[in-house]
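Presented below is the structure to which this report refers.
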Amino acid sequence: MSRQVRIGKIKIGGGNPVAIQSMANIKTSKIVDVIRQIEDLTILGCDIIRVSVKDDDDVSALKEIKKHITIPLVADIHFNYKYALGAIDNGVDKIRINPGNIGSEKNVEEVAKALKATGIAVRVGSNSGSVEKELLAKYGKNEISLAESALKNVAVLERYGVENIVISAKASNVPLTVKTYKYLHGKTDYPLHVGVTEAGTYNSGIVKSSIGIGSLLLDGIGDTIRVSLTADPREEITAAKRILRSVGLDENYVEVISCPTCGRTEYDSISLADKVENMTSGIKKHLKIAVMGCVVNGPGEAADCDLGIAGGSGFCAFFKNGEIYKKVPFENAEKEFLKEIEKLV
């Protein structure tokens with residue numbers, strides 16, 4: 001089990017629930033817009049939010065943003081160690097840096113001392129495009145060089161007594177990402193921030209992230225996750241929640257199961273399944289609802305469901321826990337089934 005690290009009011013590692021992260025895609029100095037976006041993401045289920053810090057205006061904005069949000073704020077900093085110091089002074093809950101790209105050893109020492117004095121967490125990471133040349137020469141471009149690059153940067157901060165560390169080591173290649181995190185899992189007990197970097201657009205990015213993140217979570221690897229999509233950040237939160245639910249790490253929701261359609265389906269189960277999912281998407285209650293095309297799949301294959309519907313010849317059968325209790329003509333089935341759901345939720 002990984003060690004526990006506190007990021008504001010959130011604890012990660014140490015057996016705590018896996019935290020969902022995203023990143024604001026608005027320039028941080030646009031304070032009002034950034035706060036509004038963070039509030040939207042929080043409502044959807046974001047646990048930790050990261051913002052980029054590119055200049056002095058961004059640094060100054062952090063204090064005001066922090067006042068108006070309810071989830072931990074992470075400052076993403078590259079190249080200028082003074083921005084890291086400013087972010088710490090302005091009360092962020094965590095910074096994300098690579099010690100190797102913020103200048104001299106003296107610069108790293110100043111940041112490390114500030115981290116140790118405040119207890120603020122730090123994420124240190126590598127990605128497949130930033131591995132040091134000497135590690136590539138020694139190991140080649142693989143999971144070992146990628147993981148050892150992250151561990152090398154961690155060691156720099158450890159020399160100054162920094163302990164609240166989270167590690168990431170991402171690649172856009174799913175097998176490489178998975179192998180790297182498995183390697184890290186065997187080498188360190190720091191919490192791991194898991195994700196497939198530059199995963200791509202909405203459709204391809206969700207597939208790659210689901211395979212990469214999901215397979216690691218099933219192996220007990222990963223303390224906080226981000227689904228990186230070239231899309232609205234809100235889609236990242238929705239996808240992350242679905243991944244956690246699919247691997248059994250979140251049961252406080254309404255699970256909707258539905259069968260693939262075939263020639264036996266005589267009513268519009270596709271439309272009904274979509275409506276049921278939309279109707280129940282924001283409900284935090286452990287329920288399982290089935291929308292089945294025919295009686296071949298339901299109620300038998302959905303016997304563990306709290307409520308289900310299956311098509312017949314001219315009618316739909318409603319069932320609870322595998323037992324049919326009602327039959328409704330096709331023309332009334334959708335309306336009546338949605339009413340039955342309302343009674344449950």
Taking side chain as C-beta onward, heavy atoms only, is Ile49 less than 4.5 Å from Leu73? yes

Please tell me whether Val18 and Ile12 are part of a single hydrophobic cluster in this structure, the criterion being side-chain heavy atoms less than 4.5 Å apart. no

Verify the distance criterion only: is there a donor paired with an acceptor across the side chains of Asn127 and Thr197 at less than 3.5 Å? no

I'd like to check Phe319 versus Leu307 (side-chain heavy atoms, cut-off strictly below 4.5 Å). Are they in contact? no

Derivation of the salt bridge (Lys or Arg N to Asp or Glu O under 4.0 Å) call for Lys343 and Glu340: CA-CA 5 Å; Lys343 295 176 186 177; Glu340 294 293 300; 3.0 Å; yes

Would you call Lys27-Asp55 a salt bridge at under 4.0 Å N-O? yes

Under 4.5 Å between any side-chain heavy atoms of Asn153 and Glu132, yes or no? yes

Inter-residue atom distance Glu148.CD - Leu135.CG, 0.5 Å rounding: 7.0 Å

Would a 4.5 Å heavy-atom cut-off, applied to side chains only, mark Glu334 and Asp268 as touching? no

Rounded to the nearest 0.5 Å, the OH atom of Tyr202 sits from the OG1 atom of Thr238 at a distance of 7.5 Å

Report the C-alpha distance between Met23 and Arg96 in whole Å, list the side-chain angles of each, state the deciding distance to 0.1 Å, and finish with yes or no for side-chain contact (heavy atoms from CB on, under 4.5 Å). CA-CA 12 Å; Met23 190 170 184; Arg96 186 265 190 265; over 6 Å; no

In the structure I gave you, are the side-chain heavy atoms of Leu216 and Val178 within less than 4.5 Å of one another anywhere? yes

Could you report the tightest heavy-atom contact between Ser29 and Asp58, atom names first, then the distance? N-OD1, 3.0 Å

With side-chain hydrogen bond (donor to acceptor under 3.5 Å, both in side chains) as the test, pick out the partner of Tyr190 among Arg123, Glu158, Glu163. Glu158

Under 3.5 Å: donor-acceptor pair, side chain of Glu277, backbone of Val256: no

Could you walk me through whether Cys305 and Ile257 pass the side-chain contact (heavy atoms from CB on, under 4.5 Å) test, one step at a time? CA-CA 9 Å; Cys305 289; Ile257 67 167; 3.7 Å; yes

Shared hydrophobic cluster, Ile69 / Ile7 (ILVMFWY, side-chain heavy atoms < 4.5 Å): no

Heavy-atom donor-acceptor pair, Lys9 side chain to Thr70 backbone, under 3.5 Å: yes

Heavy atoms of Ser215 and Ile211 approach each other most closely as OG-O, 2.8 Å

Do Asn16 side-chain atoms and Gly13 backbone N/O form a donor-acceptor pair below 3.5 Å? yes

Within this structure, what is the CD1-NE2 distance for the pair Ile31 and His68, rounded to the nearest 0.5 Å? 8.0 Å

Between Ser130 and Ser126 (side chain of the first, backbone of the second, donor and acceptor by atom type, cut-off under 3.5 Å), is there such a pair? no

Over all atoms of both residues, closest heavy-atom pair of Val124 and Ala150: CG1-O, 4.2 Å

Quick check for you: to the nearest 0.5 Å, what is the distance between Thr201 atom OG1 and Leu229 atom CG? 8.5 Å

For the pair Glu342 and Lys339, find out whether any cationic side-chain nitrogen is under 4.0 Å from an anionic carboxylate oxygen. no

Atom of Ala121, atom of Val5 and distance for their closest heavy-atom approach: CB-CG1, 3.9 Å

Under 3.5 Å donor-acceptor, Asn98 side chain and Gly125 backbone: yes

Ignoring hydrogens and geometry, is there a side-chain-to-backbone donor-acceptor pair from Asn142 to Ile144 under 3.5 Å? yes

Are Val247 and Ile225 in one and the same hydrophobic cluster, where Ile, Leu, Val, Met, Phe, Trp and Tyr link if side-chain heavy atoms are under 4.5 Å apart? yes

As an exercise, state the distance from NZ of Lys208 to CD of Glu198, rounded to the nearest 0.5 Å. 9.0 Å

Linking I/L/V/M/F/W/Y whenever their side-chain heavy atoms sit closer than 4.5 Å, directly or via other members, would Val131 and Val156 fall into one cluster? no

To the nearest 0.5 angstrom, please state how far the OH atom of Tyr181 sits from the NE2 atom of His193. 6.0 Å

Note: Ile20 and Ile237 closest approach over all heavy atoms is CG2-CD1, 3.7 Å

Can you classify the ring geometry of Phe337 versus Phe318 as parallel (below 30°), tilted (30 to 60°) or perpendicular (above 60°)? perpendicular

Quick test of your reading of the model: are Lys63 and Asp89 salt-bridged, counting only N-O distances below 4.0 Å? no

Using salt bridge (Lys or Arg N to Asp or Glu O under 4.0 Å), reason through Asp250 and Lys241 one step at a time and then give a plain yes or no. CA-CA 8 Å; Asp250 177 9; Lys241 290 170 70 174; over 6 Å; no

Determine, using the 4.5 Å side-chain heavy-atom cutoff (strictly less than), whether Val122 and Ile167 are members of one ILVMFWY cluster. yes

Between Lys285 and Leu344, is there a donor-acceptor pair closer than 3.5 Å when you use the side chain of the first and the backbone of the second? yes

When every non-hydrogen atom of Ser209 is compared with those of Val196, the smallest separation belongs to CA-CG2, 4.2 Å

Audit row: Val111, Ile97, side-chain contact (heavy atoms from CB on, under 4.5 Å) steps and yes/no: CA-CA 10 Å; Val111 174; Ile97 60 168; 4.1 Å; yes

Salt-bridge criterion met for Lys113 and Glu110 (N-O under 4.0 Å): no

Heavy-atom side-chain contact between Leu192 and Ser2 under 4.5 Å: no

Any donor-acceptor pair under 3.5 Å linking the side chain of Thr28 with the backbone of Val53? no

Indicate yes or no for a side-chain donor-acceptor contact from Thr118 to the backbone of Ala114 under 3.5 Å, with no hydrogens or angles considered. yes

Would you call Asp93 and Lys66 a side-chain contact if the rule is heavy atoms closer than 4.5 Å? yes

Any side-chain heavy-atom pair of Phe330 and Glu266 under 4.5 Å: yes

